[in-house]
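In what follows, a structure is listed as structure tokens, so that the remarks can point back to it.
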Amino acid sequence: MLGHFNSIIAMAANAAKQTKLPMAATDSPNLTNDENGPKKTTFQSSKATSVATNCAPRTNLPDLKWLGLYYVIYIGAGTLSFFALRNHIRGKKTNDFIDSLYMSVVTMTTVGYGDLVPHDFLSQLVCTGFITVGMLLFGIVVKLAAKYLVFKQQKVLINALHTARKMGPMEALNEIESIEIDYTKCIISLIAMAVHFVIGIFVLVTVEGMEIEDAVYCACTTMTTVGFGDESFSSEFGRMFGVLWIFTGTSCLGQLFLYVAEVYTDIEAKKLVKWVIASNIIDKIDFEAADNLEKGKVHGAADFILYKLKEMRKIKKEDISCAMKDVGVDDRSVFDVIPAQSSEKK
């Protein structure tokens, strides 16, 4: 899994470079920017900028480095423990040290062939602790992967808001629409998986002497970490190869899952950004379209508040009409003037 950790480190370090939209350094994400109006620095904009800066997601590379170190210590401790308990482990054995390292990797990656198993209370107790700690470390890997995906989604959203502030909402929408989802890493990961699969089959056939169908079956159960155990590595060289092959194979599988999740996150982030920017544009366009400047009819803030309350289903049109009649005001409410298109477009 260390290869998987290194890939996450590299992606997190280059996440800012991978974003397609430029990010302003100090502008606040205000979607109603007036390019012809005077630019003012207010307390509210300064506060928004400060909040955006403080809430901006950051990577935590030292955590990943420590996690990699923990896994090295974990494998080393497991190998030494199984080596010390070699007489308490049964199964087909080759070299004591290679078997101990092989059992550590097979247990850590949850392949669990069953060709080497503990057969007394002491060895079972040590193996139980080893499995428990391994699951805890794997949980940290999942957390860091999720953190990376959330970081990237937040980064795209913040960049889009700043771009809308600088270029204007319509231009930002056009820019976002032109962005294509990158499937390159998924394709490369699939190719790497295929190559890794073929190499494993070749060694199983040539070194372990398996038939081609048995080798394919063994490679498939290993790569998916099922590991039934009816077919496994049994020679000294085969287990030396298996330590590296199983380790890198599960890393490739985890990396592929991460890239697939990243593509899905990019698709959902693109939808979210378009919805956030478009919803602000629709409100402004619909409200301005209701103004009749020729007759001097311009809606104010109160009209807009009533309109939004009705959209949110907090009040009904009939309630406002009755209230207007009670005070002797024209019952033609703002709902009749402003086009009821916002909720449909959203």
Side-chain angles (χ1 to χ4, degrees), residues 1-23 56-68 70-72 105 108-111 134-160 175-201 216 219-227 244-275:
M1 289 187 177
L2 291 179
H4 182 44
F5 303 150
N6 293 331
S7 67
I8 297 178
I9 293 174
M11 287 187 293
N14 296 325
K17 298 179 182 179
Q18 293 175 355
T19 52
K20 305 292 185 179
L21 300 175
M23 179 173 177
R58 299 180 179 89
T59 55
N60 200 354
L61 299 183
D63 288 349
L64 292 173
K65 294 178 181 178
W66 279 109
L67 183 61
Y70 292 155
Y71 262 95
V72 172
V105 172
M108 181 194 70
T109 56
T110 70
V111 172
M135 290 296 97
L136 293 176
L137 291 178
F138 180 73
I140 298 176
V141 174
V142 174
K143 184 202 75 170
L144 293 175
K147 183 178 179 180
Y148 164 74
L149 295 176
V150 172
F151 162 77
K152 186 171 182 180
Q153 188 176 37
Q154 291 177 342
K155 191 78 172 179
V156 171
L157 179 59
I158 292 174
N159 287 357
E175 186 76 14
I176 294 168
E177 192 64 35
S178 64
I179 297 175
E180 296 182 356
I181 304 300
D182 187 10
Y183 297 92
T184 304
K185 289 187 287 188
C186 284
I187 295 174
I188 293 176
S189 184
L190 281 172
I191 295 174
M193 284 277 293
V195 172
H196 192 274
F197 193 78
V198 171
I199 292 174
I201 293 174
V216 172
C220 184
T221 56
T222 302
M223 295 282 279
T224 56
T225 71
V226 174
L244 179 63
W245 186 73
I246 295 171
F247 195 80
T248 55
T250 53
S251 298
C252 287
L253 184 65
Q255 201 167 24
L256 176 61
F257 289 157
L258 178 63
Y259 289 153
V260 172
E262 184 179 6
V263 168
Y264 180 76
T265 301
D266 290 342
I267 295 173
E268 293 302 314
K270 186 176 179 180
K271 292 179 182 178
L272 176 63
V273 169
K274 289 171 64 178
W275 179 84

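One-based numbering along the sequence shown.
A distance of 9.0 Å separates SG of Cys220 from CD1 of Ile201, quoted to the nearest 0.5 Å. Taken to the nearest 0.5 Å, the OG1 atom of Thr250 stands 8.5 Å off from the CE atom of Met223. Expressed to the nearest 0.5 Å, how far CD of Glu268 lies from CG of Leu149 amounts to 12.5 Å. To the nearest 0.5 angstrom, Thr265 atom OG1 is 8.5 Å from Leu258 atom CG. Going from atom CG of Leu67 over to atom CZ of Phe138 covers 11.5 Å, rounded to the nearest 0.5 Å.
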Check step by step if side-chain contact (heavy atoms from CB on, under 4.5 Å) holds for Asp266 and Glu262. CA-CA 6 Å; Asp266 290 342; Glu262 184 179 6; 4.1 Å; yes
Between Val216 and Phe197, does a side-chain contact (heavy atoms from CB on, under 4.5 Å) hold up when you go through it step by step? CA-CA 8 Å; Val216 172; Phe197 193 78; 4.2 Å; yes
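Taking the side chain to side chain contact (heavy atoms under 4.5 Å, CB included) definition, one finds that Thr110 meets it with Met135, Thr225, sequence neighbours left out. Leu253 meets the side chain to side chain contact (heavy atoms under 4.5 Å, CB included) test with Met193, Phe257; sequence neighbours excluded. Residues passing the side chain to side chain contact (heavy atoms under 4.5 Å, CB included) test with Ile191, sequence neighbours excluded: Ile187, Val195. Residues passing the side chain to side chain donor-acceptor pair (under 3.5 Å) test with Thr184 are Asp182, sequence neighbours excluded. Judged as a salt bridge (Lys or Arg N to Asp or Glu O under 4.0 Å), and not counting sequence neighbours, Lys143 has no contacts. In this structure Val260 satisfies the side chain to side chain contact (heavy atoms under 4.5 Å, CB included) test together with Cys186, Leu256, sequence neighbours excluded.
Tyr71 has its side chain within reach of Val141: a pair of non-hydrogen atoms, C-beta onward, lies under 4.5 Å apart.
Sorted by first and then second residue, the side-chain hydrogen bond (donor to acceptor under 3.5 Å, both in side chains) pairs with a member in residues 186-198 read His196-Trp245, His196-Thr248; sequence neighbours excluded.
Taking all atoms of both residues into account, the shortest heavy-atom contact from Phe247 to Met108 is CE1-CE, 3.4 Å.
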